[in-house]
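Inspection log for the structure reproduced underneath, given as structure tokens.
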There are 2 protein chains.
Amino acid sequence: MNGVLDDRGAQVLRHVVEDYIETAEPVGSRTISKKMGQQLSPATIRNIMADLEEMGYLVQPHTSAGRVPTSSGFRYYVDYLLARRRLARPERDQLQRMAAGEAGSASADEVVRQFSRLLSSLSRQACVVVVSRLSSQPLRSLNLLRAGVDRILLVSVTQAGWVEHRLIEGERDLSADDLVKINAYLNELAAGLSLPQMRVKILQEMKKEKARYDRLMQRALLLGARALDEGSPAEVYVEGRANILDKPEFVEDVQKLKRILRAFEEKSIIVRLLDRALEEEAIQVSIGTENPVESLPDISVVASGYRLGEATMGSIGLIGPVRMDYSHVIPLVEYSARLLSSVFEHR
Amino acid sequence: MNGVLDDRGAQVLRHVVEDYIETAEPVGSRTISKKMGQQLSPATIRNIMADLEEMGYLVQPHTSAGRVPTSSGFRYYVDYLLARRRLARPERDQLQRMAAGEAGSASADEVVRQFSRLLSSLSRQACVVVVSRLSSQPLRSLNLLRAGVDRILLVSVTQAGWVEHRLIEGERDLSADDLVKINAYLNELAAGLSLPQMRVKILQEMKKEKARYDRLMQRALLLGARALDEGSPAEVYVEGRANILDKPEFVEDVQKLKRILRAFEEKSIIVRLLDRALEEEAIQVSIGTENPVESLPDISVVASGYRLGEATMGSIGLIGPVRMDYSHVIPLVEYSARLLSSVFEHR
DNA sequence: GATTAGCACTCGGGGTGCCGGAGTGCTAAA
DNA sequence: TTTAGCACTCCGGCACCCCGAGTGCTAATC
């Protein structure tokens, strides 16, 4: 009675979880007995279920109701009982076709958004979210453009094709020619570096220039340093919000719904939810209360980072009720993340 | 009996609408009689209400229930009965402070997003949507940057500070120097023109260059033409989706909710909803079935275009149930649109 | 000793019936 | 023309009951 299950217990738990995933209703002993081909009578199943309840894997919403898996029940299921199903052919194909289609043409954020859409519609079950972080990627180019009498636009393009721009205020006295020179200079510095590396480089370079005392180049470095100081915020894309309205557990409780929708509007919350997936290589599954946002104890997150070479670029994941079809959703996310990585790899 | 109301009828209609806006419940004759200071007894009110029902301004959900305004009831109210309230001081202040704060610093799309957020939270009542159209704005600059072995990034900055970029495929043989030259050339052409004007200019210029036969410049023009051919899609920002969950009329009907949330995920639908506001100078109010999307007969849209000089830049509006506090929401949107225009004006 | 059949028990949900209140329309009186 | 009065309607809430699904326990069976 230490949390480890014998084979029978495990099988029962598996069936309870799977039935519950399907029906969203408490599962009774009869149902399980039938599912297991009557090897065991309902009465026996009841005993086993009582044990499982004692161990915290199941709960009864009320006496004389069937059982419902707890978060730890789901956790046990995911960790030990899940049949690692391969992805169904048509889904693989769809994802691959999309990847192939997007690979060449669209801009990077469009690629990500398309993936997010498709993944949300394939999983039906949940909402798709994609976060991405720019700073770690190596740059392709860095350019300053005039964007107003006293503002300048810094456009950075990474090797993977991400484009980011930010404004720098209060620069009125640089001519178009100056900017061209500065661009040439900065680009020489930038090639292949990531933004933080670039920052370091600039600081080094500033010391040198001080000696040489080239006013324009010094100016260039100052501008670069200022722009990079701010750090780039994550981008968040949420698709398929409406899917949560297909889940009875949410529709029955408007408060939950509201909390979730509100969360979708807060970038920082989404980022927190998918943060873990950025660090780790493997897919991350946070079930119910396990997820890092305490105010959302009824949702699960299945997410995986995607990468470009060494650096993690972002993470893609599904958000939905704890009652999720993990055996479907996990390979789906895994595969998508891998595809996404490879799309960016071949750019 | 031709749709025009005498004073008494109008007053009764006004009170029914206002009470219904407040309570979301059918309104009875007693309530109205009280609201009107007992000048008329409930019985009289009942007669008047029966007339209003006959004229199509009110309906009874069932016999022995109070009355609910129809879409035409709301329409009549908005057109003739609405006390054009001025905006409350604190709301004006908040909007103004925001405008002042954003004016200088942020990039244009950030400004719009902030407005959208604030407007959604001030109106509580509904969701905020902003659409914006780039093509008509005069350009400040146009730049080509290398973004991959065989792709080039076109970055256009408008005078109002909107930044847009798009990729051009299959250009491998232009050196960085070439790009600099091309940029200088294009920028000379571009100054002060809008994208479509630019297109025309480029076509003219192409004829000339053909004569001169300058290969690089011809190349530049081709690139420019290709990039501009595609036309820029509208940007859509939706904020405060969760607010619709505060409206009992939506929460009671999950199907409606789903339709609305789905609509929010379709750019094209949102654009259709706010389209009218782009054309007209004045604020646009579409009540219930009046709005251009037939599949959403239970929502109203209050929207207004905002402009930069002559050209309309986009429109900002609220989406919510037909039962909206128009007397509050209309000035709110009007004022926001005006502020937004002025923010962009002073750039 | 494990399994199972049997049985008593519990609880939620759905259906029914009843009542009260809010509201109406109509009529007749003011 | 307005209004008081009255009969009528219908919704919503409440109590009630019953049924079914499910349980736990016990005693018999393998």
Side-chain angles (χ1 to χ4, degrees), chain A residues 1 5-13 15-17 19-20 22-70 73 248-249 251-253, chain B residues 1 5-13 15-17 19-20 22-70 73 248-249 251-253:
Chain A
M1 192 80 50
L5 297 180
D6 57 9
D7 188 56
R8 266 188 1 183
Q11 287 315 310
V12 171
L13 177 57
H15 280 107
V16 173
V17 171
D19 192 86
Y20 182 69
E22 208 178 308
T23 65
E25 298 287 320
V27 187
S29 53
R30 258 176 66 87
T31 318
I32 299 300
S33 171
K34 272 192 204 151
K35 280 215 172 181
M36 294 174 73
Q38 324 269 63
Q39 306 152 33
L40 295 175
S41 80
T44 316
I45 303 286
R46 283 205 285 280
N47 290 327
I48 301 172
M49 282 169 116
D51 292 348
L52 290 173
E53 184 163 0
E54 224 169 301
M55 287 189 267
Y57 294 136
L58 300 179
V59 274
Q60 271 180 294
H62 55 86
T63 24
S64 91
R67 257 91 171 188
V68 166
T70 61
E249 49 265 70
V251 175
E252 277 157 23
D253 185 341
Chain B
M1 192 79 47
L5 297 180
D6 58 9
D7 188 55
R8 268 188 359 183
Q11 288 316 310
V12 171
L13 178 57
H15 280 106
V16 173
V17 171
D19 192 86
Y20 182 69
E22 209 176 308
T23 64
E25 298 287 321
V27 188
S29 53
R30 259 175 66 87
T31 318
I32 299 301
S33 172
K34 272 191 203 150
K35 281 215 171 178
M36 296 174 70
Q38 326 270 53
Q39 307 153 31
L40 295 176
S41 80
T44 316
I45 304 285
R46 283 204 285 280
N47 290 328
I48 301 173
M49 281 169 117
D51 292 346
L52 290 173
E53 185 163 0
E54 223 169 304
M55 287 189 266
Y57 294 134
L58 300 179
V59 274
Q60 269 181 296
H62 55 85
T63 21
S64 89
R67 257 89 172 189
V68 166
T70 61
E249 50 264 70
V251 174
E252 277 157 22
D253 184 342

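In what follows, every chain begins at residue 1, and chains take the letters A, B, ... in the order their sequences are listed.
Looking at residues two or more places apart in sequence or on another chain, you find no side chain to side chain contact (heavy atoms under 4.5 Å, CB included) involving B/Thr63. With sequence neighbours left out, A/Thr23 forms a side chain to side chain donor-acceptor pair (under 3.5 Å) with no residue at all. With sequence neighbours left out, the salt bridge (charged side-chain N to carboxylate O under 4.0 Å, His left out) criterion links B/Glu249 to B/Arg323. Residues satisfying the salt bridge (charged side-chain N to carboxylate O under 4.0 Å, His left out) criterion with A/Glu252, sequence neighbours excluded, are absent altogether. Taking the side chain to side chain donor-acceptor pair (under 3.5 Å) definition, one finds that A/Thr70 meets it with A/Ser72, sequence neighbours left out.
We find that CD of A/Gln38 is positioned 14 Å from C1' of C/dA5, with the value rounded to whole Å. Protein atom CD of B/Glu25 is 15 Å distant from nucleotide atom C1' of D/dC10, rounded to whole Å. To the nearest angstrom, P of C/dT3 lies 11 Å from CE of A/Met36. Across the protein-nucleic acid pair, B/Asp6 atom CG and D/dT2 atom C1' stand 15 Å apart, rounded to whole Å. Remark: C1' of D/dT2 and CG of B/Asp51 are 14 Å apart, rounded to the nearest angstrom.
Here B/Thr44 does not reach the OP1 or OP2 of D/dT2: none of its side-chain N or O atoms lies under 4.0 Å away.
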Atom pairs under 3.5 Å: protein N/O with N/O of nucleotides 24-27 of chain D:
{"from": "D/dG24", "atom 1": "OP1", "to": "A/Arg67", "atom 2": "NH2", "distance (Å)": "2.7"}
{"from": "D/dG24", "atom 1": "N7", "to": "A/Arg46", "atom 2": "NE", "distance (Å)": "3.2"}
{"from": "D/dG24", "atom 1": "O6", "to": "A/Arg46", "atom 2": "NH2", "distance (Å)": "3.0"}

Return the polar atom pairs (N/O with N/O) between nucleotides 12-22 of chain C and the protein under 3.5 Å, or none.
none

N/O donor-acceptor pairs under 3.5 Å from side chains in residues 6-13 of chain A, not counting sequence neighbours:
{"from": "A/Asp6", "atom 1": "OD1", "to": "A/Gly9", "atom 2": "N", "distance (Å)": "2.8"}
{"from": "A/Gln11", "atom 1": "OE1", "to": "A/Arg14", "atom 2": "NH1", "distance (Å)": "2.4"}

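Residues in residues 22-31 of chain B take part in no salt bridge (charged side-chain N to carboxylate O under 4.0 Å, His left out) pair, two or more places apart or across chains.
B/Ser33 places a side-chain N or O within donor-acceptor distance of the main-chain N or O of B/Leu40, the cut-off being under 3.5 Å.
Within the 4.0 angstrom heavy-atom criterion, only backbone atoms of the sugar-phosphate kind lie near A/Gln39; the bases stay farther away.
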